[in-house]
Peer 1: 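Sharing a structure below in structure tokens format, with a few things to ask.
Quick note on labels: first sequence line is chain A, next is B, and so on, each numbered from 1. Side chains included, hydrogens not; waters and symmetry mates left out as well; all remaining heavy atoms used. None of these values were measured; they are calculated from a predicted model.
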Protein chains: 2
Amino acid sequence: MLVIHEVSKQTGISVRTLRYYEEIGLLFPTAKTEGGHRLYGEEELKTLQQIVFLKTLGFRLKEIQPLLNESWDWAESLDHQLAFVQAEQNKLKQMESAILGLQHALTIEGSLNESLIQKIIKLSTQENGKKQAFRQQIFSETDLKLIQKLPNINRNDPHSLEWISLLGQLRELKESYDAESASVQRIIKRMMEKAAEEYKGNESFLEKMWDIRKSSSQSEQLGLYPLAEDFLHFIDQAFTIYEAKNISKGDPQQ
Amino acid sequence: MLVIHEVSKQTGISVRTLRYYEEIGLLFPTAKTEGGHRLYGEEELKTLQQIVFLKTLGFRLKEIQPLLNESWDWAESLDHQLAFVQAEQNKLKQMESAILGLQHALTIEGSLNESLIQKIIKLSTQENGKKQAFRQQIFSETDLKLIQKLPNINRNDPHSLEWISLLGQLRELKESYDAESASVQRIIKRMMEKAAEEYKGNESFLEKMWDIRKSSSQSEQLGLYPLAEDFLHFIDQAFTIYEAKNISKGDPQQ
DNA sequence: CTTGAAAGTTACGCAACGTCATTTTGTACA
DNA sequence: TGTACAAAATGACGTTGCGTAACTTTCAAG
């Protein structure tokens, strides 16, 4: 027979919790002294372990109560609990990607003003149905697969991260440099290389995407992160300059 | 100016919630009528949207309060929240695998008695340190990789599932049939085929594992699901019979 | 001016304890 | 046997984000 403090030390369960479990009828002490001190036996310790274990499965105390009872439909409880836990995981995944989205938007924009938050809210509350319809209307099946691999502000994969950081750097440079400056052109070069690598053999898809990118209304329908008009213009300008130089260098005969 | 019911309809937020947000100082109505009825303007609707959005990121109301304030360290809040959300996901993943473990134990054993629960508790509360030490002591590096791919009661992959279901069927058959019966031998055959497929070229590893399996103390140290001694004996017997038949058939000259 | 709908204000309930504050009990030692 | 001190007991409030009564007051239409 152990006194409550001993049980607490052995199991790591707080004294308060043990008293609470008695209060809600989940675990009664084996006996009490005349003065009312609780005493716990071996059997109760086992039950306590079961309770703790079932809590690690995410069951609530009220659900644990019947489970302790011999002869209960464990199968159903477990199915139910599994479904619950998986649903919670999905919620958390959504939260995670939304947080990543905000963080990356912050990287791209440099600071977070109110209108940006409104933009993100709009993005995230957009119904999926509409996006789907728009996609299927504009793109071929092979294109649809490529869309899945586009860099996405809600993700954390290396490709997305690099695009995001490149955009962030461009936005910084735009403050002090022109589109033809060496710093800007270095970023553009990296972007071109990256695009060429990732979409080798799908150049037409790339062009189509860039056209959509430049139209903010179309971008919105696709659910792309909304870049400011002037920023897009800046990038387009820089691209044009880059290509002009590149053609004259790479193809000097013409 | 919208009256509270209108706001509720437009946003989906309950009237109670709007009043609660005022109560905790999160969102005040733009104005009130003489009689005390709340009136909300455009600005407040936007703020409300922000609140709702931030809730979808998993922030608590008290954390949202400062975020609504212009000029706040969003970056830190987001980092913190992301870490929190990821930690929660890990907890849920652990719950999920523990639940799967119980479900599969149920499949193998047919019913869940008290001692089984105790076994599972023991399994799940085993410290990882000890397992690691035991593994490294017994197995080579290449073996250690193979161990990761062993069927595991806490997982849900097709291989684990088939092994579990085969064991469950064997346990059922054991009630009414002998080790040499055709039904039992069919299961054993499937097990042999499966093992041969999955561990082709690693037969020595397979044998080592089966030896460990047959010793309940060693199995325990490795963290394998504890099968009853007599059940293991039954399986071993069935294996022996299978192999005897197989050798005489497959190699008739000897 | 009446009336019915909608708004308002308390206030309790939930989950699982943590954290005081205050009172008793148990036990070791003089 | 008295005392003192640790440990136990009880009671009650706090936490989070509302849902849900119960009861009263305001508003707008007729």
Peer 1: Have B:S216 and B:E229 got a donor and an acceptor in their side chains that come within less than 3.5 Å?
Peer 2: yes

Peer 1: What is the distance, to the nearest angstrom, from the CD1 atom on B:I13 to the P atom on D:dC18?
Peer 2: 8 Å

Peer 1: Over how many whole Å does the gap from B:R16 atom CZ to D:dT16 atom C1' extend?
Peer 2: 12 Å

Peer 1: What nucleic acid atoms does A:R19 come within less than 4.0 Å of, heavy atoms only: base, sugar-phosphate, or nothing?
Peer 2: base

Peer 1: Whole angstroms only, please: what is the CD-P distance between A:E23 and C:dA16?
Peer 2: 13 Å

Peer 1: Does A:T33 put a side-chain nitrogen or oxygen below 4.0 Å from OP1 or OP2 of D:dA8?
Peer 2: no

Peer 1: With a 4.0 Å cut-off on N to O distance, would you call A:E198 and A:K149 a salt bridge?
Peer 2: no

Peer 1: Would you say B:T17 reaches D:dG17's phosphate, i.e. side-chain N/O to OP1/OP2 under 4.0 Å?
Peer 2: no

Peer 1: Using a heavy-atom cut-off of 4.0 Å across all strands, would you classify B:V15 as base, sugar-phosphate, or nothing?
Peer 2: nothing

Peer 1: From C:dC17, C:dA15, D:dT16, pick the nucleotide closest to the side chain of A:R60?
Peer 2: C:dA15

Peer 1: Between D:dC27, D:dA7, D:dT16, which nucleotide gets closest to the side-chain atoms of A:H5?
Peer 2: D:dA7

Peer 1: Which nucleotide in the list C:dT9, D:dA9, D:dG17 gets nearest to the side chain of B:R38?
Peer 2: C:dT9

Peer 1: Give the rounded distance in Å between these two atoms: CG of B:L18 and P of D:dG19.
Peer 2: 10 Å

Peer 1: Decide yes or no for B:I108 and B:L227: does some side-chain heavy atom of the first lie under 4.5 Å from some side-chain heavy atom of the second?
Peer 2: yes

Peer 1: Give the nucleotide from the list D:dG17, C:dG8, D:dT16 with an atom nearest to the side chain of B:L61.
Peer 2: D:dG17

Peer 1: In Å and rounded to the nearest 0.5 Å, what is the CD1 to OG distance from A:I153 to A:S97?
Peer 2: 11.0 Å

Peer 1: Given D:dC18, is OP1 or OP2 found less than 4.0 Å from the side-chain N or O atoms of B:K55?
Peer 2: yes

Peer 1: Quick one: CD1 on B:I51 to OH on B:Y21, what's the gap to the nearest 0.5 Å?
Peer 2: 6.5 Å

Peer 1: Return the value, rounded to whole Å, for the distance between atom CD of A:E22 and atom P of C:dA16.
Peer 2: 17 Å

Peer 1: The side chain of A:K32 lies closest to which of these nucleotides: C:dG18, D:dT10, D:dT16?
Peer 2: D:dT10

Peer 1: If you find the nucleotide of DNA chain D closest to B:I24 and the one closest to A:E6, which residue's nucleotide is nearer the 5' end?
Peer 2: A:E6

Peer 1: Starting at atom CG of B:L39, determine the distance to atom C1' of C:dA6, rounded to an integer number of angstrom.
Peer 2: 13 Å

Peer 1: Got a salt bridge between A:E22 and A:K32, using NZ or NE/NH1/NH2 to carboxylate O under 4.0 Å?
Peer 2: yes

Peer 1: Could you give the CD1-to-P distance, from B:I4 to D:dT26, as a whole number of Å?
Peer 2: 17 Å

Peer 1: Between atom CD1 in A:I51 and atom P in C:dA16, what is the gap in whole Å?
Peer 2: 12 Å

Peer 1: Nearest nucleotide by nearest heavy atom, which residue falls closer to the 5' end of DNA chain C, A:Y20 or A:H37?
Peer 2: A:Y20

Peer 1: Are A:Y21 and C:dA16 close enough that a side-chain N or O sits under 4.0 Å from OP1 or OP2?
Peer 2: no

